[in-house]
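Here the structure is laid out as structure tokens; the discussion comes afterwards.
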Amino acid sequence: DSGVTQTPKHLITATGQRVTLRCSPRSGDLSVYWYQQSLDQGLQFLIQYYNGEERAKGNILERFSAQQFPDLHSELNLSSLELGDSALYFCASTRPRYGYTFGSGTRLTVV
Amino acid sequence: GQQLNQSPQSMFIQEGEDVSMNCTSSSIFNTWLWYKQDPGEGPVLLIALYKAGELTSNGRLTAQFGITRKDSFLNISASIPSDVGIYFCAGQLGTGNQFYFGTGTSLTVIP
């Protein structure tokens with residue numbers, strides 16, 4: 001157990017729908033990062049939050065949004081889903097000079 | 001975003017052989033990380049490097065932070081079947097920034 005909790009582990013939904021992925025960072029970590037990993041692809045950075053505020057944005061589509069709450073858990077909202085959004089979505093938390101600790105991911109399948 | 005070129009893309013080796021893989025970038029990074037990802041799981045941190053020229057070991061794994069700060073290397077000695085997985089490098093431009101990931105090296109160990 002890495003200490004980073006992601007739910008749900010699997011999600012199957014139809015095109016056009018909206019889903020919410022949840023992440024609880026490791027205790028004491030203030031930063032949360034979201035990554036997308038498509039089949040046979042590397043990890044693509046989506047967005048970073050630090051202590052409730054957006055810190056950096058990567059290749060995140062306008063249909064996607066995220067937020068970090070006062071208790072530091074984060075949610076990634078994916079709307080108007082398309083087949084190409086099917087992927088593994090990881091969140092990671094970090095502390096200085098430690099690198100990322102990843103959750104076990106949410107596998108999203110859009111049908 | 002930043003491009004990290006990781007090579008080789010895949011490797012098939014006999015159990016007991018040594019493995020070498022590397023990661024290069026056009027940018028100078030201040031931190032390099034190496035991760036291993038098993039199927040369906042989140043990446044797990046293997047080694048973190050924070051200084052140019054630094055050489056760090058973790059059991060049979062050794063990684064080096066290149067002198068130019070634009071590359072890093074990972075070596076695995078005496079490979080075993082459980083070394084199978086995808087290995088990712090990740091680089092960070094500055095403290096607090098997101099990490100950029102390489103495209104991964106898929107390692108297969110033949111017993």
Side-chain angles (χ1 to χ4, degrees), chain A residues 1-10 21 23-26 29-51 53-60 66 87-109, chain B residues 1-10 21 23-25 27 29-51 54 56 58 61 63 65 72 74 85-108:
Chain A
D1 181 7
S2 68
V4 178
T5 304
Q6 284 189 252
T7 57
K9 194 163 178 63
H10 301 278
L21 314 183
C23 170
S24 293
R26 193 174 44 183
D29 290 354
L30 300 180
S31 279
V32 170
Y33 301 76
W34 286 96
Y35 281 80
Q36 179 192 56
Q37 186 178 38
S38 300
L39 190 64
D40 295 332
Q41 296 293 313
L43 291 142
Q44 298 296 318
F45 169 68
L46 296 178
I47 198 164
Q48 174 199 0
Y49 278 83
Y50 178 82
N51 203 20
E53 304 222 344
E54 182 184 303
R55 174 69 68 90
K57 259 187 178 179
N59 301 322
I60 187 166
L88 272 166
Y89 291 84
F90 289 103
C91 79
S93 68
T94 186
R95 59 188 60 168
R97 292 186 62 82
Y98 195 78
Y100 286 174
T101 299
F102 281 90
S104 55
T106 293
R107 180 175 294 281
L108 173 66
T109 303
Chain B
Q2 298 295 321
Q3 292 287 332
L4 268 67
N5 300 308
Q6 197 170 340
S7 65
Q9 189 174 8
S10 61
M21 60 189 78
C23 197
T24 60
S25 169
S27 300
F29 289 118
N30 74 344
T31 301
W32 283 96
L33 307 178
W34 284 93
Y35 283 87
K36 178 179 182 246
Q37 185 178 23
D38 292 325
E41 299 294 327
V44 174
L45 182 66
L46 299 173
I47 292 179
L49 302 160
Y50 300 106
K51 195 166 58 175
E54 181 179 357
T56 298
N58 178 6
L61 278 61
F65 194 140
S72 181
L74 176 70
I86 301 178
Y87 292 79
F88 290 100
C89 63
Q92 185 186 45
L93 291 171
T95 302
N97 294 342
Q98 72 271 26
F99 280 87
Y100 297 95
F101 283 80
T103 49
T105 293
S106 174
L107 177 63
T108 301

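Labels below follow one simple rule: chain letters A, B, ... track the order of the sequence lines, proteins then strands, and each chain is numbered from 1. Computed from heavy atoms alone, side chains included, the values below leave out hydrogens, waters and symmetry copies.
With a 4.5 angstrom heavy-atom cutoff, A:Gln37 touches chain B only via side-chain atoms. Looking at A:Tyr100, both its backbone and its side chain come within 4.5 Å of chain B, counting heavy atoms on both sides. For B:Gln92, no part lies near chain A; criterion is any non-hydrogen pair under 4.5 Å. Only the side chain of A:Tyr35 comes within contact range of chain B, with at least one heavy atom under 4.5 Å from a heavy atom of that chain. Proximity to chain B (any heavy atom under 4.5 Å) is shown, for A:Ser31, by neither the backbone nor the side chain. Contacts of B:Phe88 with chain A are made by side-chain atoms alone, with heavy-atom separations under 4.5 Å and no backbone atom involved.
Checking side-chain atoms of A:Ser93 against main-chain N and O of A:Arg26 turns up a donor-acceptor pair under 3.5 Å. A distance-only check finds a donor-acceptor pair linking the side chain of B:Gln6 to the backbone of B:Cys89 [under 3.5 Å]. A distance-only check finds no donor-acceptor pair linking the side chain of A:Gln44 to the backbone of A:Ser38 [under 3.5 Å]. A donor-acceptor pair under 3.5 Å is formed between the side chain of A:Gln6 and the backbone N or O of A:Gly105.
Between A:Phe102 and B:Tyr35, the distance separating the two ring centers is shorter than 6.0 angstrom.
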